[in-house]
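Everything on this sheet refers to the single structure shown next.
Each chain gets a letter, A, B and so on, in the order the sequences are listed, and its residues count up from 1. Everything numeric here is computed off the predicted structure, so don't read it as measured data.
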Protein chains: 2
Amino acid sequence: MTLPPLVQAFVLHFGEMGSRWGINRTVGQIYAVLFASDRPLCADDLVERLGVSRSNVSMGLKELQAWNLVRLKHVPGDRRDFFTTPEDVWAIVRTLVEERKKREIDPTLTMLRELLMQAPASDEERHAQARMRDMHELIELLTGWYADMQRLETERLVQLLTLGTKVVKVLEMKDRLFVMPGGRAKKTETRTAKPEA
Amino acid sequence: MTLPPLVQAFVLHFGEMGSRWGINRTVGQIYAVLFASDRPLCADDLVERLGVSRSNVSMGLKELQAWNLVRLKHVPGDRRDFFTTPEDVWAIVRTLVEERKKREIDPTLTMLRELLMQAPASDEERHAQARMRDMHELIELLTGWYADMQRLETERLVQLLTLGTKVVKVLEMKDRLFVMPGGRAKKTETRTAKPEA
DNA sequence: CTTTATTTTCAGTTTTGACTGAAAATTCGG
DNA sequence: CCGAATTTTCAGTCAAAACTGAAAATAAAG
């Protein structure tokens, strides 16, 4: 592995964490190298820096492209494909969350919806279905909220995150000062907060 | 596998998704059975329901305990260990997020902090460090916000999630009406919102 | 259309992780 | 303590995934 020590430490960490993140070591390392690099790299650059086979790099890049985590750049007068990660780390997080949701949550939502349609044939199934309903509601709430957040510009999102729980204070303030202005009624409407707590 | 069809479908799905979630098939299936069950189950119940070896169940339960995802229950007059998942699905999500953060994010934060302390030895390392700084800041912001959320009671948390982006509207309203009351100043203080959009 | 640079695919190999049965350890009732 | 019930550990086996080198496919240049 031919990398400056600092970068190498970063890359090795991403490789090790890869397994916990559901990607393999090489994919994690490729991503780390691209992320830390100050210029686009081609497949052979990665082979040299990581010391893995050319075909392994090819597969890794393909996987990262499937995740939308790398961008293809073309250097004029060079036939090779060069790759980068987006400059904006927020864009990266958005993609990451989006893709993980698609792979790790959406299929479960679909499955739950299907099973909740079926008529339970016993008390055991009735109870199981009640549990699934709880799970389904929770995931729907979370993904709905996520869809809202995904729509925000980064600046507003950062503002919201920075506020943290202070938002709750603001909500309490709002509740104390105003009656809910009649927005389009949703199933789960905001309950008026108790004055203190 | 001896399970009612509806439960079986649920369990098989969890088994298949297991690999995407970073747990193995059996662990996913054990969790699903416990989650859907209307009573605590012992290891042998799981062996019967899932048709896997006793030792596999033992290891699976150990892993779920390490994740704090199952609770040990003792039935009076029975020496065996019985297991359940928490009734409250929100409690489950809290644990899940907490544990995933501990395993998948905290180690990276630590690594980044260490590498950011080192003096860069080249322009390449300087650039890599700048990228790491971006990543570090972003993760700090997200985990800080998460810590805030984790502290909220479930009711307030649900309220917040239900509001979604409507919170932004409330913030804009607040910004228009008041000057920030002088809270303890944090590095990233809320910027006053532009009047519209 | 041919040549050459580059990327992709794939069969075979290696590595890693899951699973099992048997043996060891633990725990509780007597 | 002893012995039965139960759980855990672990060495060996099996299955899945990662990785490689070589061959095939692709794409641009001449």
From D:dT9, C:dC10, D:dC19, nucleotide with atom closest to A:Ser55 side chain: C:dC10
For atom CG of A:Leu41 and atom P of C:dT7, their distance in whole Å: 13 Å
Distance, rounded to the nearest Å, where A:Leu50 contributes CG and D:dT20 contributes P: 10 Å
Interatomic distance, A:Met59 CE vs C:dT7 C1' [rounded to whole Å]: 12 Å
B:Asn24 side chain near C:dG17 phosphate (N/O to OP1/OP2, under 4.0 Å): no
Any donor-acceptor N/O pair under 3.5 Å between C:dG21 base and B:Ser53 side chain: no
Distance in angstrom units between A:Leu61 CG and C:dT8 C1', rounded: 12 Å
Sugar-phosphate, base or nothing in reach of A:Asn56, heavy atoms under 4.0 Å: base
Nucleotide of D:dC10, C:dC19, C:dC10 approaching B:Thr26 most closely (side-chain heavy atoms): C:dC19
Mutual orientation of the aromatic rings belonging to A:Trp21 and A:His13 [parallel < 30°, tilted 30-60°, perpendicular > 60°]: perpendicular
Rounded distance (Å) that lies between atom P of C:dG29 and atom NE2 of B:His74: 11 Å
Proximal nucleotide (of C:dG21, C:dC28, D:dA29) relative to the B:Arg79 side chain: C:dC28
A:Leu64 CG - D:dA18 P separation (whole Å): 13 Å
Side-chain H-bond candidate by donor/acceptor type, B:Arg126 with B:Gln129, under 3.5 Å: no
Sugar-phosphate only, base, or nothing, as touched by B:Arg54 at under 4.0 Å among non-hydrogen atoms: base
Touch class at under 4.0 angstrom, heavy-atom based, for B:Ser19 against every strand present: nothing
Short side-chain N/O contact from B:Lys62 to OP1 or OP2 of D:dT7, under 4.0 Å: no
Of B:Asp78 and A:Gly51, the one whose closest DNA chain D nucleotide lies more 5': B:Asp78
Whole-Å distance separating the CD1 atom of A:Ile23 from the P atom of D:dA16: 22 Å
Below 4.0 Å: OP1/OP2 of D:dA16 and any side-chain N or O of B:Arg25: no
Exercise: do A:Thr95 and A:Asn68 side chains pair donor with acceptor under 3.5 Å: no
Sidechain N-carboxylate O distance under 4.0 Å for A:Glu99, A:Arg103: yes
Distance in angstrom units between A:Glu48 CD and C:dT6 C1', rounded: 17 Å
Nearest heavy-atom neighbours spanning A:Arg131 and B:Pro86: NH2-O, 3.0 Å
